Amino acid sequence: MTIIKTASAESINDAAQRLRDGDLVVIPTETVYGLGANALDGKAVAKIFEAKNRPSFNPLIVHVADKHEAEKYAVMDDRARAVAAQFWPGPLTIVLPRRMDSGMSDLVSAGLPTIAIRVPAHLTARQLLKGAGIPVAAPSANASGEPSATTPQHVIDSLGDRVPFILADGACKVGLESTVLDLTGDTPCILRPGAISAEDLEPLLGTVVYEHGETEKPKSPGMLLKHYAPSVPVRLRAVDVEKGEALLAFGSTRFMGVKGGGFAKDLPEDSFRNLSETGDLHEAAANLFSCLRALDRPEHTAIAVMDIPKTGVGIAILDRLERAARGR
Ligand code: TXA
Ligand code: MG
């Protein structure tokens, strides 16, 4: 049985103690829920890989309470410090050379000489990290290959009894996994787009490139893996709806017709979701994984997705949708 506790001073203490004891704890963050373990304890970290069925070559993100903690485990240069000063706490993970004598479990980095580290902004996560006094390795709290969990219910649906304890704190505000920024080379490189975009980073870093992960040996091992794809096809940039399709809308659907007659507004409730009626990209990001899960039903021939602007967090939304469309 999974214990689910709503975040409070008491349950945060309980969760901190469990982490120190080497147990798994599902933690809320502003991006997605994380499956956390003490990053200094190899046995605890191994439980993450087992519960998620995650390949051991895929390294984990380490969560710390503040940038001083980050310095203990990662070698931060001026660029890293500048980015951390502006975007931490927040939905940004930085890949840096790791300190070899820091006590960090080797499993965390999956054999790489680097470490991915972030200071989350979520209040509960921050209190937990401070209270636990240890760095917490945490991938998204979903079985490998499934969409990230943005509510406690998603965690239960995906991992069920494989997680002993969930610190529950509602739906995640950002809804997409953090931006992963690689600062180990001369040119800053985004390995995974997120709410913080290249445009946001360029004033501090100059040119930032985006590695799509389609190369044979991507810098982010996770990009090699098959990503979430619904059990029905995903059709992008739809301008109308075919009979039998579900519609994932963005913005006004006034002009969306259903082929053979009818309008989007006439679709059955289970076949229609709108990421954001007002066309707000941040709202769309927060709703993306819930909407995809809701429309992933065998009676649909496909999920038609309306076009989403390729700017700001729209780039990250399109990245997840393109992976969903390709993944089958
Ligand atoms: O928002 C997030 O980042 C969430 C929350 C819980 O913080 N975590 C998350 O973790 O999305 P995960 O494990 O699902 O994704 C981590 C990504 C993977 O693609 C992994 O390959 C990459 O970061 N990564 C981790 N360490 C790395 C490293 N040292 N070098 C390159 N990529 C790394
Ligand atoms: Mg993940």
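Order of listing sets the numbers, starting from 1, for every ligand and every atom in it. This chain uses plain numbering: 1 for the first residue, then up along the sequence. Remember, it's a predicted structure, so these values are computed and weren't measured experimentally.
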Among all protein heavy atoms in this structure, tell me which lies nearest to [atom], with the distance rounded to 0.1 Å.
atom	value
atom 31 (C) of ligand 1	Lys219 O, 3.3 Å
atom 6 (C) of ligand 1	Gly34 CA, 3.6 Å
atom 4 (C) of ligand 1	Val32 CG2, 3.7 Å
atom 27 (C) of ligand 1	Pro59 CG, 3.4 Å
atom 32 (N) of ligand 1	Ser220 OG, 3.1 Å
atom 17 (C) of ligand 1	Arg192 NH1, 3.8 Å
atom 30 (N) of ligand 1	Val95 CG1, 3.6 Å
atom 3 (O) of ligand 1	Ser178 OG, 2.5 Å

4.5 Å side-chain heavy-atom contact, [X] and [Y]:
X	Y	result
Thr6	Asp169	no
Leu288	Leu275	yes
Val305	Arg235	no
Pro139	Arg54	yes

Q: Look at Asn142 and state whether any of its N, O or S atoms is less than 2.8 Å from the Mg ion (ligand 2).
A: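 Checking Asn142: none of its N, O or S atoms is under 2.8 Å.
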Which ligand 1 atoms are under 4.0 Å away from a heavy-atom of [X]?
X	answer
Ala116	25 (C), 26 (N), 27 (C), 29 (N)
Ile61	3 (O), 8 (N), 9 (C), 10 (O), 16 (C)
Arg118	1 (O), 5 (C), 7 (O)
Asn58	18 (C), 20 (C), 21 (O)
Ser140	8 (N), 9 (C), 10 (O), 12 (P), 14 (O)

Between [X] and ligand 1, find which residue part has any heavy-atom pair under 4.0 Å and reply side chain, backbone, both or neither.
X	value
Thr114	both
Ala138	backbone
Arg54	side chain
Ile27	neither

Run the salt-bridge test on [X] and [Y] with the 4.0 Å N-O cut-off and return the result as yes or no.
X	Y	value
Arg162	Glu50	no
Asp23	Lys43	no
Arg81	Asp77	no

Q: Look at atom CD of Glu269 and say whether more than 12 heavy atoms of other residues, nucleotides or ligands are closer to it than 6.0 Å.
A: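 Incorrect, the count does not exceed 12.
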Q: Identify the residue among Ile48, Val45, Ile61 that makes a side chain to side chain contact (heavy atoms under 4.5 Å, CB included) with Val108.
A: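 With Val108 as partner, Ile48, Val45, Ile61 yield a single side chain to side chain contact (heavy atoms under 4.5 Å, CB included), made by Val45.
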Q. Checking side chain to side chain contact (heavy atoms under 4.5 Å, CB included) against Leu183, which of Leu205, Thr114, Val75 comes through?
A.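 Among Leu205, Thr114, Val75, the one meeting side chain to side chain contact (heavy atoms under 4.5 Å, CB included) with Leu183 is Leu205.
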(Q) The test is salt bridge (Lys or Arg N to Asp or Glu O under 4.0 Å); show your working for Lys173 and Glu30 and say whether it passes. (A) CA-CA 5 Å; Lys173 287 224 168 63; Glu30 73 278 26; over 6 Å; no
Q. Can you list the steps and then say if Glu69 with Lys72 is a salt bridge (Lys or Arg N to Asp or Glu O under 4.0 Å)?
A. CA-CA 5 Å; Glu69 281 291 305; Lys72 289 190 195 167; 2.8 Å; yes
Q: Have a look at Ile117, Thr31, Asp182 and point out the one with the heavy atom closest to atom 1 (O) of ligand 1.
A: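 Nearest option to atom 1 (O) of ligand 1, by heavy atoms: Thr31.
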Q | ligand 1 contact by His63, heavy-atom criterion under 4.0 angstrom | A |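 Flag set, His63 near ligand 1.
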